[in-house]
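First up is the structure itself, then whatever we jot down about it.
In what follows, chains carry the letters A, B, and so on, assigned in the order in which the sequence lines appear, proteins first and then strands, with residues in each chain numbered from 1.
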There are 2 protein chains.
Amino acid sequence: MADTVAVAADHGGYDLKCALLPELRALGFGVLDLGTDSRESVDYPDFAEAVARAMEEGRARWGLLACGTGIGMSMAANRHRGLRAALVHDGLTARLARQHNDANVLVLGGRILGPELAKECIKVFFSTPFEGGRHARRVAKFSPVKANV
Amino acid sequence: MADTVAVAADHGGYDLKCALLPELRALGFGVLDLGTDSRESVDYPDFAEAVARAMEEGRARWGLLACGTGIGMSMAANRHRGLRAALVHDGLTARLARQHNDANVLVLGGRILGPELAKECIKVFFSTPFEGGRHARRVAKFSPVKANV
């Protein structure tokens, strides 16, 4: 579980999800692929919910979500107090999302980012520790007291 | 209220907030400036809460939030079911946030976007209507049945 990433996308993020699954496995993560499994139109909130449930039930420590822009996924995922979903666009924002916001869900825009830039986001995100300190005080203000996920 | 934007930023978004207030007024919006009022270090969730409260109490129809990357603000704001906070990076994502996600809070990264690009985001965001249709079904899945804000 500690090294498992729950991954899901809607039709706008499907191609990017396909490109990123091997990358995640190559980085040593277990992957829980929660769909979607084609380019057929689906509703992104259903897939954000699936990832949230997997994290809240302890089946995954991390989440990765993709839709067209990443905006809808980040709205839906952040409804869950144990999830800190960061819409990220490059190595810098991937790094800061971990260092400052202790993000546990990486959100990417499948129609915004190319696959190589998305791979860089993943590498940076999953290798950067949270800095704690004043950032922990801020994160605590909108997160559960005892973060399960 | 219909044309009022509640605006807030932390120290990382303060300069951008200062640059954007005249722009909002020039577009004809009333502005509720909820701080911060200097570059002194503050906690971004306090400012996301202030905007959420203003919107939930009907003092503003829209929100605008800025922190360093926009990531922390978008996490904190989206804890509120009536808020749909979109972290936006350019005219395209500003447009799609309105058309597809019916975003009512625009979130910008003060250390990521320059002021002219941010002004373009504002112009596009506040002039683009929601498309409804299949997007309304999706938005309803993570929003209140009767959206107050």
Side-chain angles (χ1 to χ4, degrees), chain A residues 10-12 41-49 52 67-90 92-107 109 111-113 125 133-144, chain B residues 10-12 41-49 52 67-90 92-107 109 111-113 125 133-144:
Chain A
D10 74 353
H11 50 290
S41 180
V42 293
D43 294 351
Y44 57 85
D46 299 340
F47 294 87
E49 284 304 303
C67 62
T69 59
I71 291 171
M73 285 293 197
S74 111
M75 289 175 174
N78 280 312
R79 295 297 193 230
H80 294 262
R81 287 188 63 84
L83 272 61
R84 289 178 297 280
L87 176 53
V88 151
H89 291 79
D90 50 29
L92 172 65
T93 51
R95 176 167 63 77
L96 289 169
R98 288 289 309 131
Q99 287 181 327
H100 291 189
N101 306 108
D102 199 15
N104 52 11
V105 180
L106 177 63
V107 187
R111 289 172 175 157
I112 304 294
L113 293 196
F125 186 88
R134 67 188 185 283
H135 302 297
R137 180 186 70 227
R138 291 166 187 162
V139 165
K141 288 189 174 185
F142 62 94
S143 297
Chain B
D10 74 352
H11 51 289
S41 180
V42 292
D43 293 351
Y44 58 85
D46 299 339
F47 294 87
E49 285 304 303
C67 61
T69 58
I71 292 171
M73 285 295 197
S74 112
M75 290 175 174
N78 280 312
R79 295 298 192 232
H80 294 262
R81 287 187 64 85
L83 273 60
R84 288 177 298 280
L87 177 53
V88 152
H89 290 80
D90 48 30
L92 172 66
T93 52
R95 176 167 64 76
L96 290 169
R98 288 289 309 133
Q99 288 180 326
H100 291 188
N101 307 107
D102 198 16
N104 53 11
V105 181
L106 176 62
V107 187
R111 290 173 174 155
I112 304 296
L113 293 196
F125 186 88
R134 68 188 186 284
H135 302 296
R137 181 185 71 227
R138 292 167 186 162
V139 165
K141 288 189 174 185
F142 61 93
S143 297

How long is the span from the [atom1] atom in [X] to the [atom2] atom in [Y], to the nearest 0.5 Å?
{"X": "A:C67", "Y": "B:L96", "atom1": "SG", "atom2": "CG", "answer": "10.0 Å"}
{"X": "A:D90", "Y": "B:I112", "atom1": "CG", "atom2": "CD1", "answer": "6.5 Å"}
{"X": "B:T69", "Y": "A:H89", "atom1": "OG1", "atom2": "NE2", "answer": "11.0 Å"}

Name the region of [X], side chain, backbone, both or neither, that has any atom closer than 4.5 Å to a heavy atom of chain A.
{"X": "B:A103", "value": "both"}
{"X": "B:V105", "value": "neither"}
{"X": "B:V107", "value": "neither"}
{"X": "B:A86", "value": "both"}
{"X": "B:T93", "value": "both"}

So for A:A76, is it side chain, backbone, both, or neither that comes closer than 4.5 Å to the heavy atoms of chain B?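 Backbone plus side chain of A:A76, per the 4.5 Å heavy-atom cut-off to chain B.
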Side chains of A:Y44 and B:V139: closer than 4.5 Å at any heavy-atom pair?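 Of all side-chain heavy-atom pairs linking B:V139 with A:Y44, at least one is under 4.5 Å.
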Contacts of type side-chain hydrogen bond (donor to acceptor under 3.5 Å, both in side chains), residue A:D102, not counting sequence neighbours: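 With sequence neighbours excluded, A:D102 shows a side-chain hydrogen bond (donor to acceptor under 3.5 Å, both in side chains) to A:R84, A:R98, given in chain and number order.
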With B:R137, which residues qualify under side-chain hydrogen bond (donor to acceptor under 3.5 Å, both in side chains), at least two apart?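 Result, side-chain hydrogen bond (donor to acceptor under 3.5 Å, both in side chains) vs B:R137: A:D43.
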Which residue out of A:E49, A:H80, A:H135, A:R111 racks up the most heavy-atom pairs below 4.5 Å with chain B?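 The candidate making the most pairs under 4.5 Å is A:H80.
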Counting heavy-atom pairs closer than 4.5 Å to chain B, which one of A:A85, A:P45, A:A77 comes out on top?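 Ranked by heavy-atom pairs under 4.5 Å with chain B, first place is A:P45.
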Which atoms form the tightest heavy-atom contact between A:N78 and B:R79, and what is the distance?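 In this case the closest contact between A:N78 and B:R79 is O-NH1, 2.8 Å.
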Where A:I71 and B:A97 come nearest, the two heavy atoms and their spacing: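 Heavy-atom minimum between the residues: CD1-CB, 3.8 Å.
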Sub-3.5 Å donor-acceptor pair from the side chain of B:R134 to the main-chain atoms of A:V42, do we have one?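 Side chain of B:R134 to backbone of A:V42: no pair is present.
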